[in-house]
Amino acid sequence: MKKVLTYGTFDLLHHGHIRLLERAKALGDYLVVGVTSDTFDRARGKLNVQQSLMERINNVKRTGLADQIIVEEYEGQKIDDIKRLGIDIFTVGSDWKGHFDYLKEYCQVVYLDRTAGISSTELRCERQEISIGLVGEASSLNKFERESHYVNGANIVGVYAQHTTQFNEAVMHLPIQAHSLDELLDHVDAVYIISNPIYHYEQIRQALSRHKHVLCESPVALSVKQMHELFQMAKDNHCVLMDALRTAHSTAFHRMLLLVKSGIIGDVVTMDAVCTSLLDIEEDKKSDTAKNWNSICSWGPTAMLPIFQLLGTDYREKKIVSRIINEKTLFDSFTKISFIYPHAVASIKVGVGAKSEGQMVISGTKAYIWVPAPWWKMDYFEVKYEDPNENHRFFYQLDGEGIRAEILHFIKMVQNENTLPTIDYQISEGIVKVIEDYYQQKDCVKI
């Protein structure tokens with residue numbers, strides 16, 4: 001029996017894929033099809049895949065052409081699979097011609113011409129081409145604009161900065177330099193908002209009223225009532241309102257959560273997350289309008305995210321301790337928040353005027369997880385036991401600090417209303433509730 005092996009992503013399965021599989025099948029008696037995993041695709045920088053791994057496996061299965069389906073998960077797997085499965089012929093599309101000649105040492109290599117005029121990339125472009133406008137201070141938009149170029153179909157067309165008249169080099173090339181949010185909304189399908197949180201509610205409301213999709217840096221509002229109103233408005237207008245927290249889109253962060261929930265460190269007893277940075281906050285000490293984001297808005301949502309995802313938002317009590325440098329704006333240069341749960345305790349330390357080691361530690365009854373600074377750009381973490389010989393290290397590639405994956409997920413939600421948000425509504429609500437309590441000085445102590 002002659003065995004044939006081929007690999008592919010098989011995203012948005014089309015006639016070209018089916019024709020390639022048919023021709024691969026005709027080369028032998030038994031066809032093995034390798035479908036690339038989501039993790040391996042990300043590692044190769046392929047962030048425009050629209051369907052999940054299971055959807056893509058089912059795409060191939062429904063053709064009836066594959067005798068066996070495997071998952072491609074790591075570099076070098078092709079050689080392992082050829083040896084393990086006793087493959088006689090490896091075949092792939094002719095656009096890879098010469099790339100896999102090294103496999104000729106193990107089996108015959110055949111490059112097949114692809115079906116002309118059909119491309120998954122083109123299909124994805126047709127489905128997800130979205131014109132996006134940037135809203136906020138120009139210096140905060142550099143990374144987002146730059147990383148958007150790695151995501152197929154994300155088209156940044158303009159910018160509106162409420163308090164900045166001089167755009168920096170990163171966004172000066174954009175065709176639309178709007179003088180008002182309304183002007184920007186005239187030209188876009190969606191907006192990414194990273195303005196000062198005091199403006200989020202009105203800006204999101206204005207965008208949703210124009211039936212524009214919104215990706216907004218957390219917090220989306222400064223009160224739970226406003227948040228409820230905005231999400232209901234998005235639902236009524238068939239728009240996407242997505243809470244942006246790039247850490248949530250890190251593969252390492254996701255894997256870490258799954259490991260903790262699996263019980264690898266036992267029951268969680270305590271969690272500590274630290275996020276700090278040093279900004280020039282002299283003007284914020286006396287200004288009636290904050291120039292920078294204060295500590296609790298800058299870092300609070302990121303620091304609270306893993307705590308609420310692992311311990312929930314139903315804590316028994318909390319205490320907020322802040323160093324406030326401007327009573328009018330409640331601008332805090334540093335804040336520590338303690339959350340007390342029935343069987344655990346958690347704390348965050350956030351600051352824009354104080355510096356500390358930005359690590360995260362999750363302690364359990366069997367072991368603990370340590371994530372080195374800056375943990376919010378997570379690509380590595382360790383599970384540590386009493387016996388150091390049992391320790392495990394986990395490495396995952398992080399592209400664009402999670403921004404690329406965040407943009408891609410936003411596009412998926414816009415294109416498919418059945419796509420679920422990465423951050424649960426309850427967690428977004430919990431974050432806003434804490435920040436609202438801070439502004440109302442509830443459960444707060446000043447130092």
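Below, all heavy atoms of this structure are taken into account, side chains as well, without hydrogens, waters or symmetry copies.
- There is a side-chain donor-acceptor pair under 3.5 Å between His228 and Glu429.
- A ring-centre distance under 6.0 Å is not found for Phe90 and Tyr106.
- Aromatic ring pairs are classed by plane angle as parallel below 30°, tilted from 30° to 60° and perpendicular above 60°; the pair Phe410 and His213 is perpendicular.
- Under the 6.0 Å distance and 45° angle rule, Arg404 counts as a cation-pi partner of Tyr150.
- Counting only N and O atoms by type, the side chains of Glu229 and Tyr201 include a donor and acceptor under 3.5 Å apart.
- Using the six-membered ring where Trp is involved, Tyr102 and Phe100 have ring planes that are tilted, between 30° and 60° apart.
- Side chain to side chain, Ser356 and Thr276 fail the donor-acceptor criterion of an N or O pair below 3.5 Å.
- Between the side chains of Asp314 and Tyr341, no donor-acceptor pair of N or O atoms lies under 3.5 Å.
- The environment of Arg323 atom CZ is sparse: at most 12 non-hydrogen atoms of other residues, nucleotides or ligands sit within 6.0 angstrom.
- Judged by the 6.0 Å and 45° rule, Lys366 forms no cation-pi pair with Tyr385.
- Not less than 6.0 angstrom separates the ring centroid of Trp293 from the ring centroid of Trp299.
- Between the side chains of Thr365 and Asp267, no donor-acceptor pair is found at a separation under 3.5 Å.
- Aromatic pair Tyr396/Tyr380: centroids not less than 6.0 angstrom apart.
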